**Q** 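Structure in structure tokens, see below.
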Amino acid sequence: MRNLETKYNPKDVEDRIYKSWVDGKYFHAEPNPDKKPFTIVIPPPNVTGQLHMGHAFDETLQDILIRYKRMQGFEALWVPGTDHAGIATQIKVEAELREKEGLTRYDLGREKFLERVWDWKEKYGNRIISQLKKIGCSCDWDRERFTMDEGCSKAVREVFVNLYNKGLIYRGPRIINWCPNCITALSNEEVEHAEQAGHFWHIKYQIKDTDEYVVIATTRPETLFGDTAVAVNPEDERYKNIVGKMLLLPLTDREIPVITDEYVDKEFGTGCVKITPAHDPNDFEVGKRHDLEIIKVMNDDATMNSYAGKYEGMDRYECRKAMIKDLEEMGLLVKTEEHSHNVGQCYRCGTTIEPIVSDQWFVQMKPLAEAAIEAVNSKETEFVPERFSKTYMNWMENVYDWCISRQLWWGHRIPAFYCDDCGEMTVSKEDITVCPKCGKPVRQEEDVLDTWFSSALWPFSTLGWPEETEDYKYFYPTSTLVTGYDIIFFWVSRMIFSACEHTGKAPFKHVFIHGLVRDGNGEKMSKSKGNGIDPLQIIDMFGADALRFTLVTGVAPGNDMRFPVTYDPPVEKGKNPNPEVNKIVGAPGVEASRNFANKIWNASRFVLMNLDDSASDVLPKNLMAEDKWILSKFNDLVKKITDNLDKFELGVAVQNLYDFIWDEFCDWYIELVKPRMGTENNPQNVLVYVLSNVLKLLHPFMPFITEEIYSYLPVTDKKALIITPWCEYKEELNFKQDVENIEMIKSAIKAIRNIRSEMNVPPSKKAKLIIVTQKADVFKNGEAFFKKLAWADSVEVTSSKDGIEENCISLVTDGAEIFMPQGDLIDKEKEIARLTQEKVKLEGEILRVEKKLSNEGFVAKAPKAVIDAEREKGEKYKEMLDKVLEGLKNLQ
RNA sequence: GGGAGCAUAGCUCAGCUGGGAGAGCGUCUGCCUUACAAGCAGGAUGUCAUAGGUUCGAUCCCUAUUGUUCCCACCA
């Protein structure tokens with residue numbers, strides 16, 4: 001115990017401590033009428049691969065909150081689990097299949113392919129769980145869930161059928177976003193927009209039975225084959241005469257009419273718009289208004305179909321190139337302009353989205369949004385920081401229907417059954433094999449649901465809903481949801497409206513939103529850029545506590561953070577590393593945290609090696625001033641940490657802890673108390689008290705090292721730190737006067753150190769101190785401190801300056817004037833310069849204060865406390881200035 | 001087009017309902033002072049983006065401007 005190494009080694013500790021928590025079943029929660037519940041459901045990581053730094057951040061925040069609440073006496077439940085992540089996982093498994101076996105999913109068939117995906121899920125799901133454990137997550141592993149497990153699937157069907165029966169789910173042809181690579185429909189949220197350089201082609205459409213043309217401008221000429229009209233603005237004088245005429249659609253033998261529609265902007269392009277209802281959302285609307293034919297010109301993989309005539313079979317871009325060439329040769333291409341525009345891309349594979357008409361399933365959103373808006377307006381759910389509620393509202397108030405069907409195999413298959421015989425469609429919670437209408441066999445819908453459909457139910461599906469289980473009744477609604485601002489639309493919004501609709505309650509009280517973890521250049525981490533940092537590697541290098549501490553240090557809620565690392569060989573700033581070549585060798589932020597962990601470790605070693613058998617955490621009756629000082633400071637700390645945690649200000653809380661432990665406890669209290677070690681006035685119990693309690697406050701942030709150290713301490717209530725009650729503010733440990741006194745001594749010591757350093761006096765050179773003060777008792781008490789911390793060999797405390805020898809350095813500090821006879825060491829010129837500088841500074845301060853105090857407005861309107869403080873300051877400065885002036889006089 | 005964030009020390013960032021700005025890293029000086037060199041002591045560095053306004057008083061609140069990042073929408 002007393003032979004602990006001088007370097008804290010996380011590897012000796014973390015796995016062992018984690019196991020002890022699991023063995024103690026401390027993570028497990030059960031409905032408990034004697035306690036209040038505190039519930040968090042984890043944002044389930046995708047089973048696509050492994051955790052990245054963003055997860056580590058997200059989960060650290062949750063673990064901090066859950067550990068804090070657990071210690072505060074809540075029945076704290078953190079539900080873990082993973083997400084099946086429809087498209088993302090299917091893509092991964094398909095890629096693996098292609099690489100390793102040269103097969104496609106169609107080669108295997110649906111059933112066999114799904115077996116492969118389940119194998120994948122097993123492997124990577126488990127890997128993710130083990131990574132969560134490495135980070136220190138105190139999830140209730142008895143309740144681990146998966147979005148496609150039995151319970152969640154049941155909830156999905158319940159919700160689907162409910163919504164369908166209420167008429168809030170419908171099926172029909174609409175323009176949707178189609179990913180030709182994933183071969184599925186996507187919701188609007190799953191499309192990312194990126195600026196792309198493109199062209200604006202001006203093409204002539206001949207007016208039938210004339211030699212005249214109209215010119216239309218398009219960025220997507222290949223959709224021409226689906227044109228069923230050309231539209232102009234009804235107010236456009238230029239085209240009034242051709243409205244109603246027929247046009248010859250180039251490269252085809254079709255004729256299309258010229259129609260008028262308000263949608264057309266006269267000013268933009270040529271004022272003529274080709275209308276392609278099957279391939280453009282706006283055109284689709286125009287088409288509906290004018291009852292136009294809908295002609296789809298592409299196959300599911302974005303190759304051209306038979307409507308494209310001789311271009312059939314070509315890829316859409318190949319076709320574009322070829323037809324432009326042909327149009328040019330035919331003299332129908334008027335001009336080509338450079339044109340950059342936003343193009344939709346699949347959020348999973350990056351392929352350019354094709355807007356396409358397709359039969360899909362939709363959730364009607366408007367009616368569902370109402371309750372979700374109200375939940376946030378009424379503060380049933382609150383966003384932290386508050387500004388994100390605007391993001392949410394903005395989306396919620398402008399929702400459009402949600403396309404929920406996906407042409408994938410991996411996911412919840414839509415519970416709709418078709419009878420090919422009578423045409424009946426049945427939506428049912430239970431699987432059916434025969435048509436309830438005609439008794440003929442039915443076939444189930446091939447499509448699966450959007451992966452977000454099931455994650456939208458996560459806060460209640462994981463707690464037993466639709467059953468009214470004890471868990472559901474006790475733990476739901478949950479307390480806090482922690483997640484990144486990037487999935488407010490995908491997930492948070494959908495959880496809120498789903499919960500409001502199906503459970504009648506908002507799913508959580510607080511939504512604690514955090515930012516993204518970026519690389520050292522401020523860029524998003526990504527595999528393709530090679531700038532991703534594996535949290536497990538960082539843990540391996542520095543320990544989980546150091547990583548966790550780093551992730552919450554210096555970050556304000558909702559803000560992004562940078563995670564700089566150094567590579568070997570080094571990578572130029574602004575450049576991306578090549579993971580094959582550049583290895584991570586350092587991480588400045590984490591090193592600082594690791595050093596902090598080490599500091600605590602060594603402070604604890606110091607305490608432990610100085611304890612005798614009688615040591616405990618019971619505070620003695622005869623507390624010394626410095627004991628009262630640290631106890632008061634600790635008391636303040638308890639309040640600060642608790643307040644800040646309650647406000648989700650984790651970054652501030654962690655800074656408070658750092659300052660208290662390093663500065664106040666280590667640099668001052670332990671140093672102040674060293675002279676008392678081993679004497680009959682041994683401070684050991686105060687040391688144990690403060691250390692053991694500060695470990696409690698630090699535990700949520702650095703669970704491993706705190707638990708380890710705590711186990712060595714002779715505390716009265718000996719149990720695992722993780723379940724030890726949180727500290728409370730104690731009025732009886734507030735010693736205002738002693739705090740003032742010790743602060744006075746501290747500033748005197750600092751002033752002496754400062755001067756000695758300026759005068760280049762080495763610590764080995766001891767000095768005599770004469771302290772002239774009206775507070776003799778205070779400074780007398782500090783005698784030992786001056787000897788130890790200000791390198792004095794003798795300390796004389798007096799109330800008068802009589803008899804002080806002339807050749808002294810004098811310094812003025814709060815409550816005292818200190819003289820240091822320095823013999824020949826004193827450099828008179830230097831000392832005069834120093835005092836003169838001091839004089840100028842004080843005069844400046846006095847001027848400032850006097851100016852302020854002579855300002856009538858200030859005296860009349862400022863709060864009394866502020867004015868008094870200012871007066872006090874002024875007096876103190878004047879007093880100090882007098883002494884400085886006197887010192888100068890003596891020197892000259 | 002709509003919305004949001006950011007601009008503070010060389011770098012990365014804090015700054016808690018307005019009362020003369022802080023940390024870490026880096027840097028400079030001196031130290032193995034009986035827990036810690038992953039340490040100790042001391043120092044230097046800021047027109048708190050710009051211009052107005054409110055106020056006795058503004059880094060903080062309001063307005064505008066500039067720069068920057070992001071989200072949403074989008075005229076073919």
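The structure presented is a predicted model; accordingly, all values stated were derived computationally and were not measured. Basis for what follows: all heavy atoms, side chains included, without hydrogens, waters or symmetry-related copies.
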**Q** A:W395 CH2 to B:C72 P: how many Å, rounded?
**A**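 Nearest whole value for this atom pair: 12 Å.
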**Q** Ignoring backbone atoms, test whether A:K390 places a side-chain nitrogen or oxygen under 4.0 Å from the OP1 or OP2 oxygen of B:C71.
**A**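 Checking A:K390 against B:C71: no side-chain N or O falls below 4.0 Å of OP1 or OP2.
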**Q** So does A:N559 get a side-chain nitrogen or oxygen closer than 4.0 Å to the phosphate oxygens (OP1/OP2) of B:U69?
**A** no
**Q** Round to a whole Å and report the spacing from CZ of A:R562 to P of B:G5.
**A** 19 Å
**Q** I'd like to know if A:N598 reaches the base of B:C36 with its side chain, counting only an N/O donor and acceptor under 3.5 Å.
**A** no
**Q** Please give, in whole Å, the distance from B:A76 P to A:F200 CZ?
**A**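 Atom-to-atom, A:F200 to B:A76, this comes out as 6 Å.
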**Q** To the nearest Å, how far apart are A:H193 NE2 and B:G1 C1'?
**A**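 Atom NE2 in A:H193 sits about 14 Å away from atom C1' in B:G1.
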**Q** Can we call the ring centroids of A:F549 and A:F542 under 6.0 Å apart?
**A**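 A:F549 vs A:F542: aromatic centres not under 6.0 Å.
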**Q** Is the phosphate of B:A73 approached by A:N398 (side-chain N or O, under 4.0 Å from OP1 or OP2)?
**A** no
**Q** I'd like to know if A:E671 reaches the base of B:A35 with its side chain, counting only an N/O donor and acceptor under 3.5 Å.
**A** yes
**Q** Does a nitrogen or oxygen in the side chain of A:R753 sit under 4.0 Å from OP1 or OP2 of B:G42?
**A**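 It does, given that an N or O in the side chain of A:R753 lies less than 4.0 Å from OP1 or OP2 of B:G42.
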**Q** Between A:Y400 and B:A73, does any side-chain N or O lie under 4.0 Å from OP1 or OP2?
**A** yes
**Q** I'd like to compare against my own output: the B/S/- annotation of nucleotides 22-33 of chain B with a strict under-4.0 Å heavy-atom distance to protein.
**A** -SS--------S
**Q** What integer number of Å spans the C1' atoms of B:A64 and B:U54?
**A** 15 Å
**Q** Under the salt bridge (Lys or Arg N to Asp or Glu O under 4.0 Å) test, which residues partner A:E189, sequence neighbours left out?
**A** A:R494
**Q** For the base of B:A35, is there a side-chain donor-acceptor partner from A:K674 under 3.5 Å away?
**A** yes
**Q** Take the protein atom CD1 of A:I755 and the nucleotide atom P of B:A41, then report the distance between them rounded to whole Å.
**A** 18 Å
**Q** Aromatic ring centroids of A:H514 and A:F512 under 6.0 Å?
**A** no
**Q** Within 45° of the ring axis of A:Y669 and under 6.0 Å from its six-membered ring centre, is that where the NZ or CZ of A:K674 lies?
**A**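 No, cation not above the ring by the 6.0 Å, 45° rule.
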**Q** Between B:C16 atom P and A:L650 atom CG, what is the distance in whole Å?
**A** 16 Å
**Q** Whole Å only: how far is the CD atom of A:E845 from the C1' atom of B:G19?
**A**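 To the nearest whole Å, that distance equals 14 Å.
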**Q** Is A:R756 near enough to B:G42 that one of its side-chain N or O atoms lies under 4.0 angstrom from OP1 or OP2?
**A**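 Answer no for this pair, as no side-chain N or O of A:R756 is under 4.0 Å from OP1 or OP2.
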**Q** Taking a pair as Watson-Crick (N1 to N3 plus N6-O4 or O6-N4) or G-U wobble (N1-O2 and O6-N3), both under 3.5 Å, which stems of 3 or more consecutive pairs involve RNA chain B?
**A**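 Detected stem regions: B:1-7 with B:66-72, B:10-13 with B:22-25, B:27-31 with B:39-43, B:49-53 with B:61-65.
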**Q** Ignoring hydrogens and angles, tell me if any N or O in the side chain of A:N521 forms a donor-acceptor pair with the backbone of A:G574 under 3.5 Å.
**A**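 Yes, A:N521 side chain to A:G574 backbone: donor-acceptor pair under 3.5 Å.
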**Q** May I have the distance from A:E285 (atom CD) to B:C74 (atom C1'), rounded to whole angstrom?
**A** 15 Å
